[in-house]
Structure formats: C-alpha cells, structure tokens
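Below is one structure, written out as structure tokens; the observations come after it.
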Amino acid sequence: MSTVFTYVPSPKHVFPDHPERPDRFDLLLPRLDSFGAQKLDVRPALKEEIARVHDPRLIATLEEICREGPAVIDPAPTFVTRSSFEDALLASGGVLACTRAVLNGAARNAFALIRPPGHHAEPQRAMGFCIFNNAAIAARDALLEGSEYPPLKRIAVVDYDAHHGNGTQAAFLDDERVAYLSTHQWGIYPGTGWFEEAPHAKKRIVNVPLATGAGDVTYRRIADEIFTPFIRSFKPELILISAGFDAHWNDPITSLGLSTAGFHMLSKKLVDLAEEHCNGKIVFVLEGGYDPANVANGAAAVFSALKGSPTGPDANDPSPYPEPDASKRIDEINKWHGF
Ligand SMILES: [Zn+2]
C-alpha cells in the first residue's frame with residue numbers, strides 16, 4: 001500500500017513580517033514529486049467536524065472576524081485574513097483526508113502538509129498562529145461511530161514541534177481515549193508543558209520539556225526511553241504526529257538542536273512503533289517550522305521514514321552547537337510516569 005499526502009498552502013493566509021507565512025512552503029513545493037507519495041484531493045472540513053473539538057461559538061466568532069478582513073486575534077501574534085476561515089477549514093480537511101485514507105485501507109500511511117497549523121488552538125480559543133486544531137479534529141473523527149470504518153478506541157498523538165501543543169493537551173486532558181506526548185523547548189511560548197502538570201493522567205499526558213540546544217543525541221534517547229514505553233503502555237490503534245520542523249537547530253524563532261538526520265531518526269522510530277502496535281497506521285500533520293529549507297528537508301525526512309528507508313534525505317546539517325546532558329530530565333520524567 002502507498003504513502004499519501006495532502007497539500008494545503010493557503011497562499012492568501014498571510015500577514016506582513018509574520019513567520020507563519022506561505023513561503024515556508026517555497027522549497028517544499030518543487031520537491032513534492034520526488035517523495036514517491038500519492039497526492040489526495042482535499043475538501044474543506046465541515047463546521048460540525050470542527051465542532052467535535054471547538055466550541056461552536058468560537059467557530060462562529062472566527063468566521064465573523066475573518067469576514068471583516070485582516071485582524072490580529074492574540075498577542076502571539078495570531079493573524080487572520082478574509083480567506084483564513086476557509087483556509088483553516090481546508091487545512092483541517094487535509095488532515096481528515098489523510099487519516100480517513102489510512103483508516104479505510106486506501107493508504108498505508110500519510111502526511112498532511114498544511115497551514116495554518118493547529119496544535120496551539122484550544123477548544124475555546126484560537127492562538128499561537130493556529131486557528132483550528134487539525135490533529136485533534138482528526139483524532140475525534142477517528143473515534144466516532146458512523147465513519148466508513150469501525151471507530152477507534154485508542155489514539156496517541158506525539159508532538160515533536162519545538163513548542164508545547166497546549167491546544168491538543170487541553171482537548172484531550174480528560175479524554176481517556178487519546179494519549180498525548182509532547183517534546184518541546186522549555187521556557188518559550190506558550191509557557192505550558194512542564195512534566196508534572198497532568199498528575200491525573202500519568203502515562204497518558206506526557207510532557208518532555210527540554211533545555212536550549214537539545215538535539216539529535218537527546219532525541220534519540222527520548223525516542224528509545226520515553227516514546228517506546230509510552231506507546232507500549234497505551235497501545236494505540238493509530239498514531240498521529242504533530243510534526244514541527246522548528247525543532248531544527250537553525251529555526252529563526254526557537255533554540256533546539258535537531259538536524260535533518262535527527263528528524264528522520266525520530267520519524268522512523270515512530271513509524272516503527274506504528275508498525276509494531278497499530279498495523280502501520282500513522283499520519284503526520286505539519287505544525288511549525290519557519291525556515292523554508294528545514295520544512296522541505298524535514299518533510300523529505302518524514303517521507304523517507306514513511307517509506308521505511310533506514311536513511312533520510314541527503315542534507316548534511318548537523319547542529320554546530322554543544323548539546324546539554326538531558327539524563328536527569330529523562331530519568332525524572334520516566335520516574336514520574338512509572339515507565
Ligand atoms: Zn512550534
């Protein structure tokens with residue numbers, strides 16, 4: 001079976017001097033044909049599909065704000081334009097198309113290359129460059145009766161964007177059908193994601209806050225020592241990945257230390273865990289990443305992993321910065337969760 005993808009570049013969702021901009025995809029677009037994956041058509045998500053995560057009053061308010069023209073809706077800053085409501089529906093639709101293709105057997109695995117991103121969007125508010133929580137909407141869809149496949153009972157979301165996915169955590173904080181694991185730089189936006197912040201949901205809500213410079217060595221340990229027991233203990237039927245390439249060492253707005261090889265290693269580990277536990281059912285969802293070369297190389301690394309390649313794309317970009325020792329943090333997180 002094949003690897004599929006969706007592509008939603010939202011060219012009219014743009015704001016002056018904002019890092020979350022259409023040209024994030026400029027180096028990705030010319031490489032899409034080289035990834036050996038099949039492109040799926042996308043339809044906009046329905047408001048009722050969005051409302052499985054977001055308050056209908058928020059959806060109505062956002063539609064109204066967008067209709068009135070460009071606006072900044074939070075201090076991140078998160079912007080909207082006249083096209084942003086439709087763009088956000090199409091971005092969520094891009095993730096739904098990928099997830100449904102994997103669950104109904106049309107595809108082996110998938111990557112939704114979409115913007116605007118989603119993981120900061122909470123049930124009651126859009127924030128952090130995000131309008132609707134694309135990954136959370138796809139997870140809720142897969143849990144529902146009435147789809148073209150039997151509803152799932154357990155889904156894991158793994159988020160390796162450089163920022164904590166506060167919106168995804170908020171959506172599933174008390175939903176025992178969904179587990180959430182986030183690795184992120186500690187001390188930056190949005191300020192949440194400390195490892196002890198969900199004591200009622202040990203082993204299910206797992207936060208891995210990291211020091212500046214944490215890179216390929218640290219993430220390899222996290223993949224082996226935290227991702228693996230997290231997936232083994234939760235036993236999901238589908239893994240969704242919030243893939244943010246802002247964890248690359250030269251991202252312009254963050255200070256982590258991954259390279260393209262590191263993104264391949266992490267993604268391959270997740271694909272292998274999906275093979276072991278979920279019949280290979282895994283869907284990657286683009287979140288952040290603000291350097292166009294990192295987005296293109298990161299996407300190439302994910303497609304290599306989805307196709308089972310032991311090596312990533314030819315991008316020799318190791319971090320030039322020293323990496324702090326994360327042993328103490330990894331040990332305290334494992335102790336907290338009993339992994
Ligand atoms: Zn991010």
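Atoms within a ligand are numbered from 1 in the order they appear, just like the ligands themselves. All values derive from a computational prediction rather than experimental measurement.
- For the Zn ion (ligand 1), the set of nearby N, O or S atoms under 2.8 Å includes none belonging to His184.
- Closest heavy-atom contact between Asn207 and Gly193: CB-O, 3.2 Å.
- The aromatic rings of Phe303 and Phe35 sit parallel, their planes meeting at an angle under 30°, below the 60° perpendicular limit.
- Residue contact annotation: Asp161 places an N/O/S atom under 2.8 Å from the Zn ion (ligand 1).
- Distances from the Zn ion (ligand 1) to each N, O or S atom of His163 single out ND1 as the nearest.
- A salt bridge is absent between Lys12 and Asp87; no separation between the charged side-chain nitrogens and carboxylate oxygens falls under 4.0 Å.
- Put simply, the residue from Glu287, His119, His163 that forms a side-chain hydrogen bond (donor to acceptor under 3.5 Å, both in side chains) with Ser242 is Glu287.
- Considering just the N/O/S atoms of Asp246, the one nearest the Zn ion (ligand 1) carries the name OD2.
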